[in-house]
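What follows is a single structure, written as C-alpha cells, with notes after it.
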Amino acid sequence: MNSSFLSTALPPALAVIMFGLGLSLTGADFTRVARAPKAVAVALVCQVIVLPAVAFGLVMLFDLEPLLAVGMMLLAASPGGATANLFSHLFRGDVALNVTLTAVNSMLCVVTVPVVTNLAIHQFADNETGQLGLQFGKTVQVIAIVLIPVLIGMQVRRRAPEFAGRMDLPVRIASVLILAVIVAVTMIADRAAIGGYFLDVGAITMVFCVISLTTGYLVPLAFGVSPPQAIASSMEVGVHNSAIAITLAITVLDSARIAVPAAVYAVLMTPLATLFGALISRRAVHREPAPVTA
C-alpha cells in the first residue's frame with residue numbers, strides 16, 4: 001500500500017464523514033436515551049463489550065498473525081457508521097434509536113477505541129515494534145480526527161438548521177462515496193495482494209459480520225425490545241464505521257497491515273447486511289399481530 005499518500009488523504013476524508021454525521025445530530029439525540037433506556041443499554045453493551053470479546057475469540061480461533069489480529073480488534077472497537085441509519089430505514093428499523101446510538105457511540109469511541117486497541121497490541125503485537133500503540137499523543141489524534149468534526153457539524157446544525165438540512169443528503173452521499181474511495185485506494189495501492197487480503201481475513205471478517213448482525217438483533221429481542229428497535233440495534237452493532245478503523249490504522253498506528261481487516265470488512269459488510277436486513281425485516285412483519293376485523 002502507498003501509506004504516505006493514504007496517511008495524507010485519510011484524515012480530511014474521515015473528517016468529512018464525521019462532519020456529515022454531526023450535521024445529522026442534535027442534543028435531543030442524546031437526551032432520547034431516557035425514552036428507551038433498555039434498548040440503548042442493550043445495544044451499547046453488545047457494541048462495547050460483546051463484540052470485542054467475539055473478535056478476540058475469533059482471532060484466537062483463526063490464529064491470525066499479530067498485526068491482522070490488532071486490526072480485527074480495532075475494527076470491533078469502531079462504532080457504527082451513518083450507513084447503519086440507512087440500512088435501518090430500509091428494513092423498517094427504529095431510525096431514531098439508530099441516531100441516538102450513533103450519537104452516543106461517537107462519544108464513547110474516543111475512549112473505547114484506544115483502550116481496546118492498546119490491549120490488543122499488548123496481547124498480540126508487543127514484539128512487532130516498540131512504537132506501535134496509542135500513547136497519549138496518539139489518543140489526542142483519535143479525539144481530533146473522530147470527535148471534533150462531529151461537534152463542528154452539530155454546531156453548524158444548531159446555528160444554521162436550514163443549511164444543515166440542505167446539506168444533509170449531499171454530505172451523506174459524499175460520505176458513502178468517500179468510504180468507497182478509501183477502501184478502493186487501500187486495495188488498489190497494493191492490488192497484487194488483494195487476493196491475499198481476502199485469503200488472510202475474508203473468512204474471519206465474514207463470520208464476524210454475521211455474528212455482529214445476529215447479536216445486535218437477537219440479544220435485544222431476548223431482553224424484550226421491540227422488533228423495530230432490534231432491527232435498529234442489529235444495524236448499529238453490525239455496520240461498523242470502517243473508515244475510522246482504516247484511518248486510525250494508517251495515520252495513527254502507521255501500519256497499513258492493521259487496516260486490512262477493516263478494508264475487507266467494508267467490502268463484505270454491505271451485501272451481508274442487506275441480506276440479513278431482508279431476512280429479519282420479513283420476520284418482524286410476521287411477528288406483528290394480524291389486524292382485528294369486525
Side-chain angles (χ1 to χ4, degrees), residues 18 21 25 29-34 36-60 69-85 87-88 93-94 97-124 134 138-139 142-143 145-147 150 204-205 207-223 225 229-249 252 258 261-262 265 269 273:
M18 302 312 290
L21 175 61
L25 301 178
D29 298 323
F30 294 90
T31 59
R32 196 184 294 119
V33 172
K38 182 196 292 185
V40 172
V42 172
L44 289 179
V45 168
C46 290
Q47 181 89 50
V48 175
I49 298 176
V50 176
L51 286 196
V54 168
F56 181 82
L58 290 175
V59 165
M60 300 300 290
V70 173
M72 277 300 302
M73 297 305 296
L74 175 58
L75 172 65
S78 64
T83 313
N85 302 347
F87 278 111
S88 185
D94 185 341
L97 175 60
N98 271 107
V99 174
T100 295
L101 290 172
T102 299
V104 176
N105 266 327
S106 299
M107 303 302 163
L108 286 178
C109 76
V110 299
V111 175
T112 57
V113 168
V115 168
V116 172
T117 304
N118 274 323
L119 289 174
I121 290 169
H122 176 72
Q123 175 70 29
F124 300 112
L134 287 178
K138 293 184 177 181
T139 301
V142 175
I143 296 173
I145 292 173
V146 175
L147 189 57
V150 174
I204 189 173
T205 52
V207 172
F208 179 67
C209 183
V210 172
I211 291 177
S212 298
L213 292 165
T214 305
T215 299
Y217 181 66
L218 294 182
V219 172
L221 284 181
F223 279 87
V225 171
Q229 290 178 328
I231 292 173
S233 174
S234 173
M235 295 304 151
E236 189 68 28
V237 172
V239 180
H240 290 268
N241 194 333
S242 300
I244 289 180
I246 293 171
T247 302
L248 295 183
V252 179
I258 293 177
Y265 189 92
M269 176 183 67

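It should be emphasised that the depicted structure is a prediction, and the values quoted were computed from it without experimental measurement.
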Original post:
With a 4.5 Å heavy-atom cut-off, do Asp94 and Ile231 have their side chains touching?
Top reply: no
Original post:
Does the Ser234 side chain pair with the main chain of Ala230, one donor and one acceptor, at a distance under 3.5 Å?
Top reply: no
**OP:** Starting at CE of Met18, measure out to CG of Asn241 and round the result to the nearest 0.5 Å.
**Re:** 5.5 Å
Subject >> Heavy-atom side-chain proximity of Glu236 to Leu97 below 4.5 angstrom >> reply: no
Original post:
Under 4.5 Å between any side-chain heavy atoms of Thr205 and Met72, yes or no?
Top reply: yes
**OP:** Using a 4.5 Å cut-off on heavy atoms from C-beta on, say whether the side chain of Thr117 contacts that of Met73.
**Re:** no
**OP:** Determine, stepwise, if the pair Val219 / Val50 fulfils side-chain contact (heavy atoms from CB on, under 4.5 Å).
**Re:** CA-CA 10 Å; Val219 172; Val50 176; over 6 Å; no
**OP:** Kindly indicate whether the side chain of Leu74, heavy atoms from C-beta on, has any atom under 4.5 Å from the side chain of Val113.
**Re:** yes
**OP:** Report the C-alpha distance between Phe124 and Met60 in whole Å, list the side-chain angles of each, state the deciding distance to 0.1 Å, and finish with yes or no for side-chain contact (heavy atoms from CB on, under 4.5 Å).
**Re:** CA-CA 10 Å; Phe124 300 112; Met60 300 300 290; 3.8 Å; yes
Subject >> Check: Gln229 main-chain N/O paired with Ser233 side-chain donor or acceptor under 3.5 Å >> reply: no
Original post:
Under 4.5 Å between any side-chain heavy atoms of Leu108 and Gln47, yes or no?
Top reply: no
**OP:** Look at the side chain of Ser78 and the backbone N and O of Leu75, then say whether any donor-acceptor pair between them is shorter than 3.5 Å.
**Re:** yes
